[in-house]
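Notes for the one structure printed next.
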Amino acid sequence: LRRLLIDTDTAGDDVTALLVALHSPEATVEAITVVAGNVYLDQCVRNALYTTEMAGKPEVPVHVGAAKPLMRHLVTAHYVHGDDGMGNSNFPEPKRSVTEGHAVDAILDCADRFDGQLEIIGQGPLTNLALAVTKDPSLPSKVKRLIIMGGVNNARGNITPAAEFNFYVDPEAAQIVFRAGFDILLSPWDICLHHGIIYRDEMAPFEALDTELSRFWFSVNQHAWKFLNEIGIDGISLPDAITVALTLDPSLIQQSGTYFVDVETKGEMTAGYSLVDVGGVLGKEPNAEVVEKFDKERFKEILLEVLRG
Ligand SMILES: [Ca+2]
């Protein structure tokens, strides 16, 4: 049995990612830790709680984490995911409540409890994880793997030309995490752009499902789809969900490389830029496996299975 901890700025695509993880018979989600990012922290927490209820797993612990980045004002993506981060669906309040204990302590506690077994998926700004490894620098040696959705591999960003959203929101945290000694698998934004968008002409089997979960999924993603359409992408992008999927089933990774990766914090125009040294120019020890190609067709089958309910 795989043991996962998911750190999430729950809105939009994070919801899909949680549904995929919570559906898996081979893995247990030991904890969900929430960080501010896509929307403000309290809304991210509500969305995470509501999603566990929709997935039929209201017993999964949800811990509240950092309300803002380490050193910066919070930048959100309300303009993508709607005011509630859920496509302006305005779902009712979740019935369940949060789990006692700060997210940072939950991360450290899970790593201790499942020494060597815990796989952490970071699918928001890396604030909670940076705080955790700062509090306990031995964390990387206790964690089996850290799988991160973030950054770009020598490709264009999605919030600035240079940077992907998660790393842009908290570059200092991302830099701390990449320098901490984790065994990292990085699923960058460009992988999603090439393999993680479900386009309108692929939507028919999803619409045909017409289950409670599939209707929930369309509702959560409706605002983001409209936003993407306005910038010329007619579909739903799922960077976090493909990251969870390739964690659960590594055979989805069709190509990857192991490189030195670091994150820019001081650039005037490039804060949050992820430097991926594919040429080994810097001569530094590689610290991350970077996903380069991904099996989209198989991913669509997995997602259909999840949304079938
Ligand atoms: Ca996210």
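Worth knowing before you read on, the calculation uses all heavy atoms, side chains too, and leaves out hydrogens, waters and symmetry mates. Ligands are counted one by one from 1 in listed order, and the atoms in each one are counted from 1 as well. This is a predicted model, so every value here is computed, not measured.
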Between K144 and D183, does at least one N-O distance fall below 4.0 Å, as a salt bridge requires?
no
Is any N, O or S atom of D14 under 3.0 Å away from the Ca ion (ligand 1)?
yes
Tell me whether the rings of F167 and F178 are parallel (<30°), tilted (30 to 60°) or perpendicular (>60°).
perpendicular
Angular separation of OD1 (D9) and O (Q123) seen from the Ca ion (ligand 1), to 10°
90°
D240: its N/O/S atom lying closest to the Ca ion (ligand 1) (atom name)
OD2
Under 3.5 Å, is there a donor-acceptor pair linking the side chains of N153 and W189?
no
With no hydrogens and no angle check, just 3.5 Å: does a side-chain donor-acceptor pair link N38 and D14?
yes
